[in-house]
Each structure stands twice: as C-alpha cells, then as structure tokens.
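Notes follow once the structure below has been shown.
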There are 2 protein chains.
Amino acid sequence: MRATIKDVSREAGVSIKTVSRVLNNERYVGAATRARVQEAVTLLNFRPSTAARSLAGRRSFQIALICDNPSPYYVYEMQSGIRDRCEADGVRMIAQPYDRNSVTLLDDVESLVDATNVDGLILTPPVTDYPAVLDLLARRGVRFVRISPGGDVDLTSSTFIDNEGAARMMTEHLIGLGHRRIGFIAGHPSYATSAQRRNGYLEALQTAGIAADPALTVEGSYDFASGAAAAEMLLSLDVPPSAIFASSDDMAAGALTVAHRRGISVPGQLSVAGFDDTALAGFVWPPLTTIRQPTRQMAYQAADLLLAGEDAPVERREIGFELVVRDSTGPAEK
Amino acid sequence: MRATIKDVSREAGVSIKTVSRVLNNERYVGAATRARVQEAVTLLNFRPSTAARSLAGRRSFQIALICDNPSPYYVYEMQSGIRDRCEADGVRMIAQPYDRNSVTLLDDVESLVDATNVDGLILTPPVTDYPAVLDLLARRGVRFVRISPGGDVDLTSSTFIDNEGAARMMTEHLIGLGHRRIGFIAGHPSYATSAQRRNGYLEALQTAGIAADPALTVEGSYDFASGAAAAEMLLSLDVPPSAIFASSDDMAAGALTVAHRRGISVPGQLSVAGFDDTALAGFVWPPLTTIRQPTRQMAYQAADLLLAGEDAPVERREIGFELVVRDSTGPAEK
DNA sequence: TTGTACGCGTTATCAC
DNA sequence: GTGATAACGCGTACAA
C-alpha cells in the first residue's frame, strides 16, 4: 500500500504539518526534526500524492509541453531536454503531441489548463505565435515560456537562437567557397523562424553584392517531402544553383535524395547545406554542412525559466549555435 | 476563474451528486435533468479537476507510457497512437522519455505510480521484459499492457506483430530474387524482437536449403551507428553478401550510407532491406525494401486494451504488417 | 430517480 | 519551531 503523510508523521513522532514542511523545504524546522522526518520518508518509501498536493496547494508539480512540429526528432529532443530539467525539481512533464491541423487546439489547451492545474506551459513554434493561445493563457493567468517566439518578446520569458545571424553565416560560408547561385528552401510561413532564416540569407547576398534571384527561393514546410519538391524545382531551373541551403534538416535530406535520384553528385556538382535542428540529416548524409541548433538545450533552458518561480522577471535567453562544415567544395567548373 | 461542480449544480438547479452522475455517465438520471446539467456544463465551460477526481475516486484519468527506445520516430509514433485512443475517453497520457541507461528506472516507475495514481501503464521494449519492473507493477496491483513482449504472455494484455513470420517473408523474398549470401544485422539482444527476427531469417535460409554462414550475421543495437558499423563488417568479408537485411530502419539507413561511402551502388551491386518501425529509412532512401510495421496502430491498440477496464481478460492482439518492395534486383553478375 | 454526509491526502491559516 | 483544523473539488455510500 502507499504510505501517506500520516504514516510518516507517526513513524517520525511529529505532526502532519511538520512532515509537510520538510517535504516542501520550508523554514522553521529544527535540524533534528528534519532529519528524523527524512529518515521516516526513506524508510516508508513515501512519495506525496500529486493529486492531493495540487488540490490543497497552489502548485501541481506538473508542467505541460505544447508541442506541434513536423519533426519527431525535434519533439523528442524537446521532451528530453525539458524532462532533464524537471527531474531536478520533482516536477512531471505532460507532453501533448498535437496534430498540427487540429481545429480543437485552443479547446485542448484550455481543457489541459482546467483539468490539470499545471504550474506552467512550454510552447514551441508555431504555437508560440498563435494570438488566440497567447490570449487564452494570459487571460487565465497561467505562466508559460516560449521557445523561438517570433514576436511579443516582452510577453513571456523565452529561449531562442540568432536564426538570422546563423543563416547569414552559412550563406557567407557558401559565398566564400565561390558559390554565386545559391538556392534557398524556406520553412513554412507559419513559423517565425522561416522569415528570420530567409532574411539572413538575403542579407548575406546583399552584403556580397549578389543580386537575389527570386526563382532561387522556394517555400517548403519543414518536412522531407517539401524539401524534395523544392529541390526538384531548383534543379529544374535553366541555370540551376550550385548550392542549396535548406531551412531544416528534413528538407535538406529531401534535397539530397532528389540530387541522388537525378544522378547529381554531392558534393562536386552540388553542395547542400541546412539548418540541423534535430541531428537527423547530419548523420544520414555526411557531406552535408549544417547549422547545428542545440534543440535539447533550448528546451532545458526553457524549463529552467519556467521553474524559476512566479515572480521571476521576463527573460530572453539566447542559445549558441554551431556551423558544422562537412563540405568545402566550391561550384563545379563550367 | 475555474468553474466547479458546485457552480454547475447551482446553474442547473440540481445537487452536486447529480452533476457528478451526468459527468460519469451513470444510470438513473432523468433525461431532462441530464440535458439541463449538460447545458450548464457547456455554458460554464466546466472541466472536472483531475486532481480532485483521482483523490476522491478510484480512477485518475491518467495513464503513463514507459518508453525507452533508441529511435525518436518510434517514440513519437507510440505517443501519437496512444494519445489518439486516450482522447476518446478523456484520459491524459503522461509520457516519460527514459534514458535507456538509467539506473533509476525502477525507482522512477515506482515514483510515477505512487505520485500520480495512474490508471495504468503501457510498456514498450525492452522494458516489457524487465522482470524487476514487471514484478513491481504486479506487486503494486497496477494494470499495465505491453507492446511486443518477449515472454510471460499470460501476464498482461499485449499487442504484437509476427516478427518471425515477417523476417521469414523478407528473407524468402530476397532468396526469390536470387540472393544466396544475405547479410543480417540483428537488433540489440535486450529486445525480444531481435531474436524473433533473427529466427525468421534463419528459418527461411534453412527451408531454402542455404547453409547459414555465421559471419553473415552481425549484432547491432537498433541505431544508425551500429547499422553502419555492421555493414562495414559485412562488406569487408572476403565474399561479401549481395543483400543486407537489417532489423530496423535506422540500421538500414546506416548500411545504406556505408554502401554509398564505399561507392557501391544500391540497388545493382547490393540490395538492402530492413524492418521499418518508423517510416524513416523508407523515405530517406527509396530503393529500400521494407517490412512496414504499423507502430502507431500497435500503440493505439495497446491503449485500447488498457482502457478496456479492470476486469477485461488478458488478450493478445496481433497487428498486421506489410512487405513493401522497392527493389526487385537479384545479385550482381559475377 | 435524486440528495446528504463523509472522506480522499495534502497545503494554508492561525494558534501555541 | 511546532501543531490543530479547515479547506481543496470531487466520488462513494447510503438514505430518501
């Protein structure tokens, strides 16, 4: 049978309230008393009931992850990072894998908040920028933290990477190798990161004095199939690009597969680069050059911000990225 | 503010208990009364508190997924399938992404059971066959269902596919194409499915009268890197195989990458086949022939079994698989 | 068919 | 520092 606080208090010879004090690390408990209580807790293998705690107290020791993303790897990294941080605080994570086409999202979130009394939520793109969701949470007075938000940065704490800077760096790298016609596969417009990455690409071109050919930018939706389709378009151009820069690793993998199918050797005839949010493409096809985004760390830091406490100030925490070069070839000779 | 049962009862002009009856679909409620209550529930946007329910009643409306698997795609499919089924019953899923090397697994599970009072658990390989975990759960009298268990099939309900038959079918397919030296990359021995799949491979060879060369079976651990390493070994043999059959898609992807790196064309000089638990390799590299395992369905059905109720009999539910042929070439000419 | 009284295991409040 | 006691929001048992 489960042990209760009552059992512990009897075992330690103190009152129920004192046990509760020890469990919650409150002050005003004698060192000796505290020790005896802790002993009893260990002896009886006692774990407080989350249900009772959340009913009686202000905290529920649960947070939720609202994750809605086309990449399972991304979701997995998110969950792992958050769980790592939560463990330290004895907080449990409720993960909700949402269908990104769900029309009941808003209702689901409200239901979650009402039913579970979570202490807070972590939002990932593109939900980070859904006004309806943000409004709802603000109205309900629920704490939440956002990962890679596109705007309203003063609304809540958030973690992010410099997507614009990263895209610029990658584009500069490609230009440095001699590439002049660089295809760009953008992410889905509902993600704020898509525009940020595209801007970085365009800036680098401008700085280098290269005119941006609109035909070289194709819109994808962050998944494999759209990357493949975009690459088909780019490689079918009269003057195809000598390099393709994809806004996600899944799309980069799609582009690589298309190149392979068409008998184009990578690298050599074509260079492929991509953002790598999930470490997927990086290992599937070694010659890929990537911007390595530490998704797991972003998640960990987001959880850290959320667990910081109710009156912690709004904080924007920037996470570093890394340029991983696995292909240093320039454009093929004419 | 959250609405409570009290608010609803006042709004509908009935007692608290009657509202509770409607919420739980109990009998002995007048149709008119029921309608009025439901109206009030909708009006006030009422959602019962999970904490209060689990404290007062026998159910907590929460189940947990103990998932410990090297493939993020697998984990994602599991979560999605389970969540789909849970949604219909208003049950919430607590997903625990465990580190497969965690030494605190047993403690974590017990902590989960004690703290959350989950109505049940779903176990995935290899935890499905950890005696310590099975003992613990049985001792605590907690319901649980297992996915692809290796033994003790009468202990709990479970879902599974015929791994042996599937591996046999794939091997027969390869033999039918003319392959005689077929390399096999086994899964990690802690997974019961590894042995099942290997057995199917060996049976097919025997039936076809092909002597099994021990050097052609290499042990992997279900992930990309081990698949690559295994392929290196197989392709370095004095007489390398003309086909490689991997026990998972990640390992198949690893094998494909190695072949590519060595300048071996697939298909043509080498055929690659694999189990596809996650739809990963299938799209990354089209020529791959796979056993398509409907992971999501296995999860859905597992949740269905778990939610069936306390006194549902132990049931083994078999899920169908599919042989997806994308390469019909035989061994290369000598 | 409906309502009343009680208890679930914990935290909050306020005494001591 | 420590302890009684009242909540928290719901389901259960039993009465009406």
Side-chain angles (χ1 to χ4, degrees), chain A residues 1-38 40-41 44-62 90-92 113-119 310, chain B residues 1-38 40-41 44-62 90 92 111 113-119 310:
Chain A
M1 297 301 96
R2 279 188 76 258
T4 70
I5 278 206
K6 206 169 179 178
D7 300 325
V8 177
S9 70
R10 198 179 305 131
E11 178 71 29
V14 297
S15 78
I16 291 184
K17 177 57 196 169
T18 300
V19 176
S20 174
R21 283 201 180 89
V22 173
L23 293 175
N24 295 296
N25 273 315
E26 289 175 30
R27 292 162 305 180
Y28 309 129
V29 185
T33 315
R34 167 161 275 142
R36 256 190 308 144
V37 170
Q38 260 150 0
V41 165
L44 299 176
N45 217 309
F46 167 78
R47 335 255 187 184
S49 150
T50 303
R53 293 183 115 174
S54 87
L55 192 56
R58 255 181 235 96
R59 303 181 56 192
S60 71
F61 296 89
Q62 294 187 319
V91 168
R92 222 161 284 278
V113 169
D114 278 339
T116 65
N117 265 300
V118 283
D119 297 332
E310 294 193 18
Chain B
M1 296 299 95
R2 277 189 77 259
T4 70
I5 278 208
K6 206 169 178 179
D7 301 324
V8 177
S9 70
R10 198 180 304 133
E11 178 71 29
V14 297
S15 79
I16 290 184
K17 176 58 201 171
T18 301
V19 177
S20 173
R21 283 201 180 88
V22 173
L23 292 176
N24 294 299
N25 273 315
E26 290 174 31
R27 290 163 308 182
Y28 308 129
V29 184
T33 315
R34 167 161 278 145
R36 255 190 309 145
V37 170
Q38 259 150 0
V41 165
L44 299 176
N45 218 309
F46 168 75
R47 335 255 188 185
S49 150
T50 303
R53 294 182 112 175
S54 86
L55 194 54
R58 254 181 236 95
R59 304 181 54 192
S60 72
F61 297 87
Q62 292 187 319
R92 222 162 283 277
S111 171
V113 169
D114 279 340
T116 65
N117 263 299
V118 283
D119 297 332
E310 292 193 20

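Heavy-atom basis, side chains included; hydrogens, waters and symmetry copies ignored.
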**Request:** Sugar-phosphate means primed atoms, P, OP1 and OP2; the rest is base. With that split, encode nucleotides 11-16 of chain C 5' to 3' as B, S or - using protein heavy atoms under 4.0 Å.
**Result:** BB----
**Message:** Once salt bridge (charged side-chain N to carboxylate O under 4.0 Å, His left out) is applied, do any residues pair with R58(B), and if so which ones, sequence neighbours excluded?
**Reply:** none
**Complete:** Hits for side-chain contact (heavy atoms from CB on, under 4.5 Å) against A56(B), two or more places apart or cross-chain, chain-then-number order -> none
**Message:** Reading DNA chain D from 5' to 3', where do the contacts with chain B start and stop? Cut-off is 4.0 Å to heavy atoms.
**Reply:** dG9(D) to dA13(D)
**Complete:** Across all chains, not counting sequence neighbours, the side chain to side chain donor-acceptor pair (under 3.5 Å) partners of N117(A) are none
**Residues that F46(A) engages under side-chain contact (heavy atoms from CB on, under 4.5 Å), provided they are two or more places apart** = A3(A), I5(A), V8(A), L23(A), V41(A), P48(A)
**Message:** Going by side chain to side chain donor-acceptor pair (under 3.5 Å), name the residues that satisfy it together with R21(A), two or more places apart in sequence or in a different chain.
**Reply:** none
**Item:** Which residues share a side-chain contact (heavy atoms from CB on, under 4.5 Å) with N45(A), sequence neighbours left out
**Value:** R47(A)
**Request:** Have a look at the helix from dT1(C)-dA16(D) to dC16(C)-dG1(D) and give the angle its two end axes make, five pairs each, rounded to 10 degrees.
**Result:** 30°
**Request:** Give the intermediate values and the outcome of side-chain contact (heavy atoms from CB on, under 4.5 Å) for residues R53(A) and Q62(A).
**Result:** CA-CA 11 Å; R53(A) 293 183 115 174; Q62(A) 294 187 319; over 6 Å; no
**Listed partners of S15(B) passing side chain to side chain donor-acceptor pair (under 3.5 Å), at least two apart** = T18(B)
**Request:** Nearest whole angstrom, please: distance from the P of dT2(C) to the OH of Y28(B).
**Result:** 13 Å
**Prompt:** Using a cut-off of 4.0 Å on non-hydrogen atoms, how would the nucleic acid contact of S54(A) be classed: base, sugar-phosphate, or nothing?
**Reply:** nothing
**Results of side chain to side chain donor-acceptor pair (under 3.5 Å) for S60(B) - residues two or more places apart only** = D119(B)
**Prompt:** Can you tell me how far P of dT10(C) sits from CG of D114(B), to the nearest Å?
**Reply:** 10 Å
**Request:** Using whole Å, report how far CG of L55(B) lies from P of dT10(C).
**Result:** 9 Å
**Fill in**
Across all chains, not counting sequence neighbours, the side-chain contact (heavy atoms from CB on, under 4.5 Å) partners of R36(B) are V14(B), T33(B)
